[in-house]
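Within every chain, numbering begins at 1; the chains are lettered A, B, ... in the order of the sequence lines, protein sequences first and strands thereafter.
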Amino acid sequence: MITDILIRGLVHSGVYAMLALGFALVFGVGRVLNLAHTAFFMVASYGIFYFVGTGAGLPLAVLLSTLGVVALGLVLYKLFLEPVRGMEATVLITSLATAVLLQELVVIFFGRRFGRVPEVFPGFVRILGVRVAYQEIATVVLAVVCLLATWLLLSRTRLGLAIRTSAQDPEVANLMGINVGRITQVVVALGILLASLAGAAVAPLITVEPHMWMDRLVIVLAAVVLGGLGSLKGSLLGAVILAFAEAGVVFLIPGGSFLRTAVAMAIMLSVFVFRPEGLFGSGMAEES
Amino acid sequence: MRSILCLVTVAILAVSFAGTAGGTIRIGIIGPMGYMQGEHHWHGATMAAQEINDAGGIQIGDEVFEVELISVDSNEIESVPDAVSAVERAIVAQRVDFLIGGFRTEAVFPMTERAVDHDKIFLIAGAAADQLLEGRVDRDYERYKNLFRVTPIRSSDLARLSLLLLRDVAQSFREELNIDNLRVAVIAERAEWAEELVRHVEMLIETPMPQGLGGEHVGTWRPSARAPDVSAELTAIERREAHIIYTAFSGPVGVPFGQEWGRLQVPAATVGINVQAQSGTWLEDTDGHGAYTATAGIYAREVETTPATTDFVEAFVERVGELPIYTAATYDAVHILAAALERAGTLETEAVVAALEETDHAGTMAQFVFDDVHDLTWGPGYATGLGVQWVDGEARAFWPLDWQPAPAEQPEWTVTYEGTIPYQIPPWVMEHWGPEEE
């Protein structure tokens with residue numbers, strides 16, 4: 001059973017990690033708790049579904065959808081979130097409203113019927129006796145590549161240095177000639193890019209539907225709270241822990257497998273009560 | 001002066017609207033209209049209404065009434081309060097005379113409460129829980145007499161049907177694979193309608209034959225009705241070495257289940273209830289992985305449940321482009337209501353209820369006869385449902401095929417609907433449990 005939980009948890013942790021990392025990045029630099037984050041994941045999945053439906057191949061569909069969602073995300077950020085960036089409660093409400101707006105737009109354009117994106121890697125392999133689809137393995141690989149690329153960007157490039165500096169002290173970064181507003185936009189774009197790629201990764205594995213962002217938002221919030229708000233390492237670890245916790249619920253309490261999301265919420269609440277600063281308890285800047 | 005003019009205008013408008021409504025019967029078709037379940041509610045009802053109006057309408061006493069359908073989006077898959085508001089709106093603002101539909105039991109309870117508050121007749125066409133009628137109509141007839149169920153068959157009858165389908169599948173395992181000690185897993189969405197069904201099925205699996213299946217129950221998993229992924233559940237089920245997975249899904253979770261079951265080629269046959277698998281787009285929805293899924297259903301192509309079934313199914317497919325699911329039996333509901341109105345000869349509720357109670361209607365899904373609690377009579381010659389399996393790209397019925405309703409008393413009595421074909425064990429399941437592995 002332990003093997004089953006480990007493998008199933010690992011398969012799911014990749015996408016959760018991509019979503020949590022993007023969310024934590026935007027919060028770490030821009031101090032924006034963007035509740036619309038997973039809505040972009042949903043829109044990206046629909047974008048791929050749409051472009052595949054028009055006859056575009058999957059790679060082109062992923063490219064077009066990702067570019068489109070990043071552009072849309074930046075526009076929405078400029079319109080709705082940037083003007084209220086300093087006001088935390090307003091940001092929460094505005095970003096949630098943005099998510100619902102995106103959901104309803106998707107309902108208008110696509111209806112509530114499920115969408116399907118064809119798989120690229122058919123078939124499965126048995127790993128320690130557990131059946132894992134090649135498509136799931138591809139998802140994990142994509143997640144690892146994205147996470148490594150993000151790490152390289154943050155730690156080995158001038159842009160990464162500017163991002164980390166802005167996260168550490170926006171005023172000093174500004175005095176050093178860094179355009180913090182522009183950097184924040186770049187980070188928002190990067191966060192949405194990660195969300196879009198997460199959508200691309202799972203679209204062939206799941207049913208695309210307008211409410212798919214909600215459960216993931218709960219997981220992402222729980223992951224970043226568990227890891228420590230603004231901590232990238234913490235968010236990644238939080239996402240992995242929650243993926244394993246979800247798998248654990250299914251194997252340990254079969255009759256309660258509907259409680260998967262509730263368990264994530266319970267973990268989040270427990271962290272609030274017993275360790276409000278999260279597992280790492282440090283911001284992104286301190287980590288780097 | 002101006003206020004008097006306004007009052008006069010309002011009065012004239014009110015009178016003119018009342019005059020228009022006199023020649024029509026407004027039936028609210030209520031369901032989750034953004035989803036397949038609600039869409040089929042609507043399509044089934046519109047086909048019936050069109051037929052009735054084309055034939056001249058409904059003769060009630062000396063007057064002839066046209067049927068006007070009002071689409072009422074309950075949004076009940078997402079929100080029960082929305083569904084209750086929708087009923088209120090339909091009755092108060094849209095002035096419907098009757099209501100047909102409903103889908104989720106949790107929503108249909110308060111929806112029907114609101115309907116009876118307004119003394120409206122509500123033909124349930126989508127929710128299965130016994131308690132929607134049992135314990136209401138029998139215990140407080142005066143309040144709940146307006147409620148009837150047209151589709152599906154009640155949960156306890158679904159459990160009986162499930163056992164029959166399980167037996168058919170088990171029989172295939174016994175005959176083709178020589179497996180006698182069958183292990184059965186249950187996976188059911190967490191929803192009110194499934195609670196009683198799961199309890200019944202769990203008990204029947206371990207009950208010795210002939211009353212039960214005589215198998216071993218290896219566990220029950222209860223994902224959310226909206227779970228996007230059930231691969232962990234399927235892994236756990238495989239670990240318990242189940243031969244058969246009994247499903248009870250009415251919500252979206254049915255799609256990821258079918259998709260992952262086929263994609264991972266989980267070595268267990270699946271049978272039970274999966275409403276999504278009743279849809280004509282099932283294979284498309286599951287990226288082709290849903291082949292060999294078996295589910296209880298109402299309609300399948302080329303199967304004559306009643307003489308009216310195939311004509312309706314073909315007309316529905318031609319009109320909508322997909323196979324009707326069970327909520328499309330609003331077609332029968334509208335016809336049943338129309339016939340009852342003609343028999344009653346009045347729109348007065350008590351008389352219409354009395355006429356509905358006398359229903360003996362040859363519909364498309366069954367011969368409709370309501371019992372003491374206004375529920376469907378189940379059994380041969382009445383409503384039975386079908387066992388449907390996706391083979392060769394089509395939903396084909398595999399039950400009833402040589403079904404013996406009373407094997408002890410009347411062993412020679414068998415029931416077969418024309419067009420049914422034998423159940424097929426999925427090839428990868430055959431391969432896994434074949435002689436070399438067993």
Residue among B:Met33, B:Glu78, B:Glu260 with most heavy-atom pairs under 4.5 Å to chain A: B:Glu78
Value rounded to 0.5 Å, distance of CD1 in A:Ile253 from CZ in B:Arg222: 14.0 Å
Separation of B:Asp229 CG from A:Ile206 CD1 (nearest 0.5 Å): 9.0 Å
A:Tyr50, OH atom: more than 12 neighbouring heavy atoms under 6.0 Å: no
Under 4.5 Å from a heavy atom of chain B, the part of A:Val132 involved: backbone
Winner by heavy-atom pair count (cut-off under 4.5 Å) against chain B, out of A:Val130, A:Ile7, A:Thr261, A:Asp215: A:Val130
Residue A:Pro122 versus chain B: region with a heavy atom under 4.5 Å: neither
Rounded distance (nearest 0.5 Å) linking atom CG of A:Asp4 with atom CZ of B:Arg239: 4.0 Å
Leading residue by heavy atom contact count with chain A [cutoff under 4.5 Å; candidates B:Gly219, B:Ala227, B:Ala236]: B:Ala236
Exceeds 12 heavy-atom contacts within 6.0 angstrom, atom CE of B:Met203: yes
Validation row: B:Pro252, A:Met212 side chains within 4.5 angstrom (heavy atoms): no
A:Val117, part contacting chain B, at a heavy-atom distance under 4.5 Å: backbone
Which portion of B:Glu189 sits near chain A, non-hydrogen atoms under 4.5 angstrom: neither
Winner by heavy-atom pair count (cut-off under 4.5 Å) against chain A, out of B:Leu234, B:Thr286, B:Val198: B:Thr286
A:Ser257 side chain to B:Trp221 backbone, donor-acceptor under 3.5 Å: no
NZ/NE/NH1/NH2 to OD/OE distance under 4.0 Å, B:Asp287 and A:Arg116: yes
CA sep, side-chain torsions, deciding dist, call: B:Glu233, A:Arg260, salt bridge (charged side-chain N to carboxylate O under 4.0 Å, His left out): CA-CA 12 Å; B:Glu233 282 87 344; A:Arg260 282 194 280 190; 3.6 Å; yes
B:Arg190 side chain to A:Phe258 backbone, donor-acceptor under 3.5 Å: no
Smallest separation among heavy atoms of A:Phe124 and B:Arg263, with atom names: CD2-O, 3.4 Å
Part of A:Glu136 within contact of chain B (heavy atom distance under 4.5 Å): side chain
Member of A:His211, A:Glu209, A:Arg216 meeting the side chain to side chain contact (heavy atoms under 4.5 Å, CB included) criterion with B:Pro228: A:Arg216
Portion of B:Thr281 that has a non-hydrogen atom of chain A nearer than 4.5 angstrom: side chain
Reported CZ-to-CH2 distance for the pair A:Arg131 and B:Trp261, which is rounded to 0.5 angstrom: 12.0 Å
Residues, nucleotides or ligands: over 12 heavy atoms within 6.0 Å of B:Glu206 CD: yes
B:Thr235-A:Arg8 side chain donor-acceptor pair, cut-off 3.5 Å: yes
B:Pro32 portion near chain A, given a 4.5 angstrom heavy-atom threshold: neither
B:Glu238 with A:Arg126: basic N within carboxylate O range, under 4.0 Å: yes
Interface residue of largest heavy-atom contact number with chain B, from A:Gly9, A:Gly123, A:Gly129, under 4.5 Å: A:Gly129
Selection from A:Ile5, A:Leu205, A:Val107 maximising heavy-atom pairs under 4.5 Å formed with chain B: A:Leu205
